[in-house]
There are 2 protein chains.
Amino acid sequence: MMPDSQIKQATLRDVAEMARVSYQTVWRVVNEHPNVAVDTRERVLQAVRTLDYRPHRAAQVLTTGRSYILQLVIFEYAYGDPLPAILHWAREFGYTMVVTELKDATSAESVRTLLRETAQMIDGLLMVMPYPHLSYDALAGLCQGRPFVVVNTELGAKMPSVVFDQRYGMRLAVEHLVALGHRRIAEISGPLDNCDARARHDTWIRMAADMAGRCEFDPSLSVAGDFEVGSGYSAAQHLLATGRSFSAVLVGNDLMALGAMRAFDEAGLRIPEDVSIVGYDDAALSAYLSPPLTTVRQEFDTLGRESVEYLVSLIEDRLTPIQQRVLYPELIVRQSTCSRTGEHPQTGELGRR
Amino acid sequence: MMPDSQIKQATLRDVAEMARVSYQTVWRVVNEHPNVAVDTRERVLQAVRTLDYRPHRAAQVLTTGRSYILQLVIFEYAYGDPLPAILHWAREFGYTMVVTELKDATSAESVRTLLRETAQMIDGLLMVMPYPHLSYDALAGLCQGRPFVVVNTELGAKMPSVVFDQRYGMRLAVEHLVALGHRRIAEISGPLDNCDARARHDTWIRMAADMAGRCEFDPSLSVAGDFEVGSGYSAAQHLLATGRSFSAVLVGNDLMALGAMRAFDEAGLRIPEDVSIVGYDDAALSAYLSPPLTTVRQEFDTLGRESVEYLVSLIEDRLTPIQQRVLYPELIVRQSTCSRTGEHPQTGELGRR
DNA sequence: CCCGTGGATGTGAACCGTCACAATAGTACA
DNA sequence: TGTACTATTGTGACGGTTCACATCCACGGG
């Protein structure tokens, strides 16, 4: 059994009674308004302490319309990455965070359902929705005019958003491989309806076209995974099964890179001598893989801070313009990439079933 | 600029006016009470739809005292693991979740601060606090009599809680290694003020004592990490630096196991031939390490479901008894462990700096 | 002595649902 | 025709905070 089931919270009026003043005076003291006599203030504060008075948030929300609660909407993939940073910065800015997961981010209906539940309670929304199926107006409608910031959407999208420049990140990765002499480069991308994955994929194709001769894009050496370890593993196996040769792989994130490394390892290929691998994200574990993974770092802490900061400024100051804040990733070179020596046994000979 | 800044939400009274009935009738329709004439009901529902009426949650909280919001308090370590499951099940049970991180879980003061902010808004708390410094009464006091469930605390703790039996899990791991013939077993534990880490560590010591002769506990081969990859790496290096021989390592979680594997790899030791490794958790990536990691699986989805289910039953039905629900982990044997052949080069010869 | 000024404090209404109770209409049955 | 009862609908107060406004008092200047 629970003990003394509900402890009755003291109210403004309770404190007023105890301090022998009106509730308004108590309110003034609590909200630090001027024009309260020092001895009255003391008496009130005393009462506040003994009764352990705290303003009732729900009542405050009801009258002021402000809850200091934000809602984070995340799509299942995007999990671990930006969440800790967002949580941390929300707290730092004085907000608490409701976290909701969205199963089907592509349908406006599921978003609507999600918002129904909490809508009147929250001051603004942060949406990690890498599936840009909803226009600004659609989102604004769903959010009932509440401020929102989209995290990780298309570069150039006309909405309040904070994004990494995926084209830039991919360029770093490709240039790195090309500089090492790699020509036949395979790709294990994320799901192509994910805008990040798409942007990187498209960038890779465009770069290959632009650098014709120095490297090439082979459609049969481009597989899409789902950002999970297992899909990296099977994608790598699939690449090997094609029998086509490649000396390096661009992988959509570090988790899939880990899976791919395992597959190559099982196939007897050495990394980086036989296959160079570039990951994406720079997860905590990437520095400790064997070999440590060359990857494109996305600074999720910055992403979290920028997103929250932007959202809060939209909430508190209506003058903030709609804009897209762009962050730039960084290439972290470790030991999973090396120059293509050409004399090593390459995939294509070994990889044949 | 944000567009038409705030969209005015329709209230019960607005709907009533439109449907030409009293707000009470609207309320009855919305809350599906009987005794409303069919045509009235239709008229009201029509008005509800055209005005897109939704009850104001804050007002509901104010009058009913129920918010259908739960608060999750997590200590930084315990991150990724139980969170997705808890989120999912909370939603499943009709609750939304406020997620708050706690920097210093050992001080009652920091908990109090955290709760102040949201206290009157939430129906109950879920605390992932593997630092059992607070008694049931202390916690109940902090929670102001609101129901709470502790996730991952000490086995046998007298509070509403859901835990894995860490002793059982560790026993599985140790028995596995002993059955494979390992005698000198090293340990990379989690931080020993963490009750999970502590329970496993203590179990290991007790088992070694009980099985005297068949395996042994060597204090200098027991290092505490912090559950992060990097600490597994340096702990493994430390083990090697002792110059003492060991043929297997019990690691506090899979992430540290990954770090340790890297360290052994760098030192030229093969896994499992030279060192067998047992992890803990069965993280998503563990099956894809090279070699795939033998580990003790904790079913976090079950943990999440049980925790939320328990909390909800405490909230909705005051008769639920205070109890501890115990879940049992499971040994997953993969390829990072093998029988000790004795003829292989063991650590101690190779490991010397 | 009166008025203006400003500090100190109090009153009433509003926010939006909820709930206990009141009121009205309508039917059934004696 | 009246009573009992039900189905349907309405009224009033309340929850705890906020805010605009009202009141009271004292003090200084004229």
Side-chain angles (χ1 to χ4, degrees), chain A residues 6-45 47-48 51-69 116-123 144, chain B residues 6-45 47-48 51-69 116-123 144:
Chain A
Q6 279 294 52
I7 295 174
K8 216 282 186 183
Q9 261 289 355
T11 79
L12 217 42
R13 261 121 177 145
D14 295 335
V15 179
E17 191 182 359
M18 177 173 233
R20 330 192 97 246
V21 290
S22 74
Y23 53 83
Q24 177 62 248
T25 305
V26 178
W27 183 80
R28 270 191 272 259
V29 171
V30 172
N31 294 60
E32 291 171 329
H33 272 234
N35 300 343
V36 178
V38 268
D39 54 332
T40 319
R41 151 169 285 116
E42 271 321 307
R43 217 158 6 109
V44 171
L45 286 177
V48 165
L51 293 176
D52 189 29
Y53 166 76
R54 275 169 289 173
H56 194 296
R57 299 285 255 104
Q60 286 181 315
V61 177
L62 188 59
T63 49
T64 60
R66 299 273 279 108
S67 65
Y68 292 90
I69 299 180
R116 278 199 171 275
E117 299 166 17
T118 45
Q120 311 88 345
M121 283 284 239
I122 57 164
D123 287 347
Q144 299 277 319
Chain B
Q6 279 294 53
I7 294 175
K8 215 279 184 182
Q9 262 289 353
T11 79
L12 259 191
R13 263 117 177 146
D14 295 335
V15 179
E17 192 181 359
M18 176 173 235
R20 330 192 96 245
V21 291
S22 74
Y23 53 83
Q24 177 63 248
T25 305
V26 178
W27 183 80
R28 269 190 274 258
V29 171
V30 171
N31 294 58
E32 291 170 329
H33 272 234
N35 300 343
V36 178
V38 268
D39 53 332
T40 319
R41 153 170 284 116
E42 270 321 306
R43 220 160 1 113
V44 171
L45 286 177
V48 164
L51 293 176
D52 189 30
Y53 167 76
R54 275 170 290 174
H56 194 297
R57 300 286 253 102
Q60 287 182 315
V61 176
L62 186 59
T63 49
T64 61
R66 298 272 279 107
S67 66
Y68 292 90
I69 299 180
R116 278 198 171 276
E117 299 167 18
T118 45
Q120 311 88 344
M121 282 285 238
I122 57 162
D123 288 346
Q144 298 277 319

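This one's a predicted model, so the numbers in the text were calculated from it and none came from an experiment. All heavy atoms count here, side chains included; hydrogens, waters and symmetry mates do not. Every chain is numbered from 1 and lettered A, B, ... according to where its sequence line falls, protein lines coming before strand lines.
Closest approach of A:R43 and A:A19 over heavy atoms only: NH1-O, 2.6 Å.
Between chain B and DNA chain C, the heavy-atom contact criterion of under 4.0 Å yields a 5' to 3' nucleotide range of C:dC16 to C:dA20.
Taking the side chain as every heavy atom from C-beta outward, B:V48 and B:V29 never approach each other to under 4.5 Å. Here the side chains of B:D14 and B:T11 are in contact, with some heavy-atom distance below 4.5 Å.
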Whether each nucleotide of nucleotides 5-14 of chain D has a protein heavy atom under 4.0 Å at its base (B), only at its sugar-phosphate (S) or at neither (-) is summarised, 5' to 3', as ---BBBBBB-

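The distance from atom CZ of B:R57 to atom CG of A:L62, rounded to the nearest 0.5 Å, is 13.5 Å.
A straight line from CD of A:E32 to C1' of D:dT18 spans 16 Å, rounded to a whole angstrom. Remark: C1' of D:dA20 and CH2 of A:W27 are 11 Å apart, rounded to the nearest angstrom. Note: CE (B:M121) to C1' (D:dG15) measures 15 Å, nearest angstrom.
Judged as a side-chain contact (heavy atoms from CB on, under 4.5 Å), and not counting sequence neighbours, the contacts of A:S67 are A:V61, A:I69, A:D123. Every residue two or more places apart in sequence or in another chain that forms a salt bridge (charged side-chain N to carboxylate O under 4.0 Å, His left out) with B:R54 is listed here: B:D52.
Proximity of a side-chain donor or acceptor of B:Q120 to a complementary backbone N or O of A:A58 within less than 3.5 Å is not detected.
Note on the helix from C:dC1-D:dG30 to C:dA30-D:dT1: terminal axis deviation equals 60°, with five pairs used at each end and the result rounded to 10°.
For residues 15-33 of chain B, the side chain to side chain donor-acceptor pair (under 3.5 Å) pairs, not counting sequence neighbours, are B:S22-B:T25.
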